[in-house]
J.: 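Quick one: this structure, given as structure tokens, is what I'll be asking you about.
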Amino acid sequence: MSATLPMQISYPEQLPVTQRRHDIAEAIRDHQVVIVAGETGSGKTTQLPKICLELGRGQEGGVIGHTQPRRIAARTVAERIAAELGTELGQLVGYQVRFTDRSSAQTMVKVMTDGILLAEVQRDRDLRRYDTIIIDEAHERSLNIDFILGYVKQLLPRRPDLKVVITSATIDPRRFSAHFDDAPVIEVSGRMYPVEVRYRELTDDQTQGITDAVRELLTAGPGDILVFLSGEREIRDAADALRRLRPTRVSDAFEVLSLYARLSSAEQHRVFAPHQRRRVVLATNVAETSLTVPGIRYVVDTGLARISRFSARTKVQRLPIEPISKASADQRKGRCGRQADGICIRLYAEEDFDARPEFTDPEIVRTNLASVILQMTALGLGDIGRFPFVEPPDTRSVQAGIQLLEEIGAITSARRARRSKPRGRAETRMADGRTAVSSGKNATPALTTIGRQLAQLPVDPRLGRMIVEGHRNGCLREVIIVAAALSIQDPRERPSEQQDAADAAHRRFADPTSDFAGLLNLWGFVKEQQKELSSSAFRRLCKTDFLNYLRIREWQDLDSQLRQVSKQLGLSLTKTPASAEAVHRSLLAGLLSHIGMKDVDKRDYLGARGSRFAIFPGSALAKKQPPFVMSAELVETSRLWGRVNAAIEPEWAESIGAHLVKRTYSEPHWEYKRGAVMAFEKVTLYGIPIVSERKVDYGRIDRAVARDLFIRHALVQGEWRTHHRFFHANQEVLAEAEELEQRARRRGIVVDDETLFDFYDERVGPDVVSTAHFDSWWKQQRRTTPQLLEFSLDLVVQDAADDLSVQEFPDVWRHGDAAMPLVYEFDPGAESDGVTVEI
DNA sequence: TGGGGATTT
């Protein structure tokens, strides 16, 4: 059956999976999808590809694809399979992770990260390259795994020849089985020594609980202790307390080590180095799946972890400390007992454990979905609501993802497309910043040109958006460097013992107005040193300058990758150095909802949608906080923090966010000097005032109101200096009527302003909103109707005053030869009231 | 005024 296989396949007898290999082979032969459930040590990861090979799969043009959640795992799994098959890595067995492809045309088993498989979907929609796909560690339920499980589900009918094997820890294999129409489940036992669980509910604080537990375990026998905590601070507190602990016996002496992802590589390596003394390792979740600490006999579990959650309401990522699930607690427990019996002390009550949720929420229900939606839309997968997810994300999260994609101009919803108007018109500029987009029923957004480009860029959509804008602003080189830095882990190290020295070393690159500029400075320094130094001297420099060499390499690799993809997208690199403003304007294109306005009183920032955030203390902007900032990352921990920031000019956001800004106008008023109606414009972006009181020509905003005010003030009230004949003639007519009022000692003879307004309103052209508009309109109009705007005395005098005439009230009192002027005034109570003869 | 962990043609 394996005629084309060059070697004999054998299975290590001691592995539990070996006993079930015939059942597994049979199941794969008879079913399209098989679930293999088994704990660590069952051998499923390495033996399943061999079973598939023996079934004749991975041959004659097809490849066995095998996905891993992490890069390191992809490499080591491939190495082990290759070794067991007695072949060289990269031939029959290969692997591919980002930046490294060690597979070839001969490769029958290709181990890769799940992200690589997803990326391949873009150009091989039916995954024709594979005849078998093994999805390992599916219980981890990462975003990638859930997307693959959904994608494969809808692919199966189109690829009846494709076999899929899902592997999972023994927790809940039924869920996967149900997702794949009751696919058979084969359970394989693990190879674990028994672990005794002791519940020690906290009576004091956590640090006390940890020291008590450690003391208890020290007396239980030899072996290292692994403590799970929620974060760096808790680790520091516990380490301090444990170092103060004085063991009563010499044999109880131990050293304390920390382990978390941001630890410097030297500090991390200590954990894996051989050692004599007993150890207590204080770790975050990094030790739950990613790193295996060797030689652990005992586990202390605080039962807590920081879990990332995305709030669809506030649109920010949160990192609350939460009680972990049963599955996670059991995974922690399983970290001891790999070499001998173990003990796991849980710092909570058994009833507490029993009441906890079975599983940790899968990432897809906890994360920002913009990237997934973008990829799905690019793949033409249609309605997200109908995609066969194992566990569909919440509608509100999907909406939030769509909203973000709209913010960065990646998609246009059907509604927005219908509403859009030609640019440059007042209506267009008055974009309403509407937030709701599409209902679940017609949630099929359309990709814009930008969106199609973003789908090709292997970075977060916000970062991709910066890159696209960088091309437009002639600073692609710089923006790619920044975007690359933002998508990897910070290459700057801050070892716990030398924080001040590390900060000082890093401060050399800091720019007080921009952390992004600081990254560019660091990049320049690294490039220069690399040019001048030998490879080993450069590594030494990294160490003394508190830089993580591997992450620097990762940064540079990602930079090259992004340059290459950009080139394919037709985005061109610039040779000449770009201005800081061009770079920051480009970055802002991806961070429109991450801007903030300084609140001087509260020493923090007003952010989008009424949120408030503070500058993270590690930022170069923490000391002198500028009036407006943008933040690359907003994460809520003890409070909402902006981690990587730069000062911005708020006006930049007005043009880049033209599709989102709201404009409101106040105090429209006539300005005599300008001969126009002006008003104050306020521009807000997500509720942040980016322009507070800008005087604008209101005629372009609201024609009706501006015309009304023009007529009232310029024409009716005469607040205008002009030579138009009708204007002066009308004023004389009015003056005559007013004189009549004085002489007749009656008010109400002259018509009120409303009548005059109506007169002009009926006659003046509809577009006349200022003196300039009037002049050009009247220039045409008066040729045909020169008298159009002239008042008659009849118009300005009330009907009831018709019987009166100015002649009845003479201007002069004649007495003999003398002619004395008469002055009329109607002002009861005043001395001048009545007729006054001037002698 | 101090943040869990992965991953990408």
Side-chain angles (χ1 to χ4, degrees), chain A residues 67-74 96-101 112-124 137 140-145 147-148 228-236 259-263 283-291 304-309 317-322 324 328 360 363 366-367 371-372 374-375 378-379 454-461 463-464 484 487-490 494 496 499 503 554 557-558 561-562 564-566 568-569 602-605 612-619 621-623 625 633-644:
Chain A
T67 71
Q68 286 293 319
R70 282 164 292 279
R71 280 193 240 170
I72 294 177
Q96 186 183 353
V97 297
R98 193 178 207 179
F99 311 129
T100 309
D101 184 1
M112 67 199 119
T113 49
D114 37 36
I116 293 282
L117 185 70
L118 273 183
E120 288 183 354
V121 166
Q122 293 261 3
R123 39 165 203 204
D124 180 9
E137 315 279 8
E140 288 194 18
R141 304 293 305 278
S142 68
L143 206 52
N144 284 348
I145 286 171
F147 192 8
I148 289 175
F228 283 100
L229 302 98
S230 54
E232 241 177 272
R233 160 177 279 192
E234 292 79 9
I235 287 176
R236 224 170 23 242
L259 184 63
Y260 46 88
R262 262 183 51 77
L263 206 62
T284 60
N285 254 357
V286 74
E288 198 178 295
T289 46
S290 306
L291 297 176
L304 298 171
R306 279 199 191 271
I307 310 268
S308 174
R309 302 218 172 249
Q317 188 195 347
R318 299 169 46 236
L319 272 177
I321 295 173
E322 293 182 6
I324 59 170
S328 177
T360 310
E363 197 179 2
R366 295 188 283 113
T367 196
S371 182
V372 172
L374 179 71
Q375 298 302 325
L379 288 169
L454 298 192
Q456 306 296 307
L457 286 162
V459 285
D460 179 87
L463 303 181
S487 47
I488 58 164
Q489 289 168 304
D490 195 334
R494 206 161 173 263
S496 41
Q499 292 192 349
D503 288 348
E554 176 103 357
D557 285 342
L558 183 51
Q561 190 189 21
L562 291 175
Q564 201 185 325
V565 178
S566 298
Q568 288 162 8
L569 292 176
K602 299 201 172 131
R603 281 189 58 75
D604 68 355
Y605 284 82
R612 310 197 71 90
F613 67 90
I615 303 287
F616 195 72
S619 166
L621 280 72
K623 289 247 154 54
Q625 306 190 346
E633 251 184 297
L634 288 175
V635 181
E636 186 185 312
T637 52
S638 52
R639 65 192 295 190
L640 186 56
W641 294 106
R643 191 141 198 253
V644 184

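In what follows, chains carry the letters A, B, and so on, assigned in the order in which the sequence lines appear, proteins first and then strands, with residues in each chain numbered from 1.
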J.: In this structure, how many angstroms lie between the C1' atom of B:dG3 and the CD atom of A:Gln499, rounded?
T.: 14 Å

J.: Given atom CZ of A:Arg262 and atom C1' of B:dG2, what is their separation to the nearest angstrom?
T.: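 Spelled out: CZ on A:Arg262 to C1' on B:dG2 is 10 Å.
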
J.: Mind checking A:Gln122 for me? I need base, sugar-phosphate or nothing, with any heavy atom below 4.0 Å counting as a touch.
T.: base

J.: Please classify the nucleic acid contact of A:Arg233 as base, sugar-phosphate, or nothing, using heavy-atom distances under 4.0 Å.
T.: sugar-phosphate

J.: Please pick, from B:dT7, B:dG2, B:dG5, the nucleotide with the shortest atom-to-atom distance to any side-chain atom of A:Ser290.
T.: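 Per side-chain heavy atoms of A:Ser290, the pick is B:dG5.
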
J.: Counting any heavy atom closer than 4.0 Å, what does A:Val286 reach on the DNA or RNA strands: base, sugar-phosphate only, or nothing?
T.: sugar-phosphate

J.: Any base atoms under 4.0 Å from A:Ala305, or only sugar-phosphate, or nothing? Heavy atoms, all strands.
T.: nothing

J.: Taking everything shown except A:Leu379 itself, do over 12 heavy atoms lie less than 6.0 Å from its CG?
T.: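 More than 12 heavy atoms, drawn from other residues, nucleotides or ligands, come within 6.0 Å of this atom.
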
J.: Have a look at A:Arg318 and say if it touches a base, only the backbone sugar-phosphate, or nothing, with a 4.0 Å heavy-atom cut-off.
T.: nothing

J.: Measure the spacing between CG of A:Leu569 and CD of A:Gln564 and express it to the nearest 0.5 Å.
T.: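 Reported to 0.5 Å precision, the distance equals 11.0 Å.
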
J.: Taking atom CD1 of A:Ile488 and atom CG of A:Asp557, what is their separation to the nearest 0.5 Å?
T.: 9.5 Å

J.: Rounded to the nearest 0.5 Å, how far apart are CG of A:Leu291 and OH of A:Tyr260?
T.: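 With rounding to 0.5 Å, CG (A:Leu291) is 13.5 Å from OH (A:Tyr260).
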
J.: How would you label the contact of A:Glu363 with the nucleic acid (heavy atoms, under 4.0 Å): base, sugar-phosphate, or nothing?
T.: base

J.: At under 4.0 Å, does any side-chain N or O of A:Thr637 touch on OP1 or OP2 of B:dG3?
T.: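 A:Thr637 to B:dG3 OP1/OP2: side-chain N or O found under 4.0 Å.
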
J.: Just call it for A:Glu322: base, sugar-phosphate, or nothing, with non-hydrogen atoms closer than 4.0 Å on any strand.
T.: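 Answer is nothing: A:Glu322 stays at 4.0 Å or more from every strand.
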
J.: Reckon A:Leu319 touches a base, only the sugar-phosphate, or nothing at all at heavy-atom distances under 4.0 Å?
T.: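 Answer is base: heavy atoms of A:Leu319 come under 4.0 Å of a base.
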
J.: Scan A:Gly231 against the nucleic acid and name what it touches under 4.0 Å (heavy atoms): base, sugar-phosphate only, or nothing.
T.: sugar-phosphate

J.: Using a heavy-atom cut-off of 4.0 Å across all strands, would you classify A:Arg71 as base, sugar-phosphate, or nothing?
T.: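 A:Arg71: backbone/sugar contact only, no base atoms under 4.0 Å.
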
J.: Between P on B:dA6 and CZ on A:Arg366, what's the gap in Å once rounded to a whole number?
T.: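 The distance from CZ of A:Arg366 to P of B:dA6 comes to 14 Å, rounded to the nearest Å.
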
J.: Of A:Val565 and A:Ser230, whose closest DNA chain B nucleotide lies nearer the 5' terminus?
T.: A:Ser230

J.: Whole angstrom is fine here: how far is it from CG in A:Asp490 over to P in B:dG4?
T.: 14 Å

J.: Among the nucleotides B:dA6, B:dT8, B:dG3, which one has an atom lying closest to any side-chain atom of A:Ala261?
T.: B:dA6

J.: Need one value for A:Arg98: base, sugar-phosphate or nothing, where a base atom within 4.0 Å counts as base even if backbone is also close, heavy atoms only.
T.: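 Since a base atom lies under 4.0 Å of A:Arg98, the category is base.
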
J.: Let's see if you can work this out: which of B:dT7, B:dG3, B:dT1 has an atom nearest to the side-chain heavy atoms of A:Arg643?
T.: B:dG3

J.: Anything under 30° is parallel, anything over 60° is perpendicular, the rest tilted; go ahead and classify A:Tyr605 against A:Phe613.
T.: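 Correct class here is parallel.
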
J.: Give the rounded distance in Å between these two atoms: CD of A:Glu633 and C1' of B:dG4.
T.: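 After rounding, the reported distance stands at 13 Å.
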
J.: Confirm from the modelled atom types if A:Ser638 and B:dG2 form a donor-acceptor pair under 3.5 Å, side chain to base only.
T.: no

J.: Side chain to side chain contact (heavy atoms under 4.5 Å, CB included) for A:Ile145 and A:Glu363? Distances and angles first, verdict last.
T.: CA-CA 10 Å; A:Ile145 286 171; A:Glu363 197 179 2; over 6 Å; no

J.: Tell me what A:Glu140 touches on the nucleic acid: a base, only sugar-phosphate, or nothing, going by heavy atoms under 4.0 Å.
T.: nothing

J.: Just how far, in rounded Å, is P of B:dT8 from CG of A:Asp124?
T.: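 Rounding to the nearest Å, CG of A:Asp124 and P of B:dT8 are 19 Å apart.
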
J.: Send over the distance from A:Ile145 CD1 to B:dT8 P, rounded to a whole Å.
T.: 13 Å

J.: A:Met112 CE to B:dT8 P: how many Å, rounded?
T.: 12 Å

J.: I need the A:Gln499 CD to A:Arg494 CZ distance, nearest 0.5 Å.
T.: 4.0 Å

J.: Contact class for A:Ser142 vs. all strands (heavy atom < 4.0 Å): base, sugar-phosphate, or nothing?
T.: nothing

J.: Would you please confirm or rule out a distance under 4.0 Å between OP1 or OP2 of B:dA6 and any side-chain N or O of A:Thr113?
T.: no

J.: Closest approach to the side chain of A:Pro617, judged atom by atom: which nucleotide of B:dT1, B:dG4, B:dT7 is it?
T.: B:dT1

J.: Does A:Ile116 reach a base, just sugar-phosphate, or nothing at all? Heavy atoms under 4.0 Å.
T.: sugar-phosphate

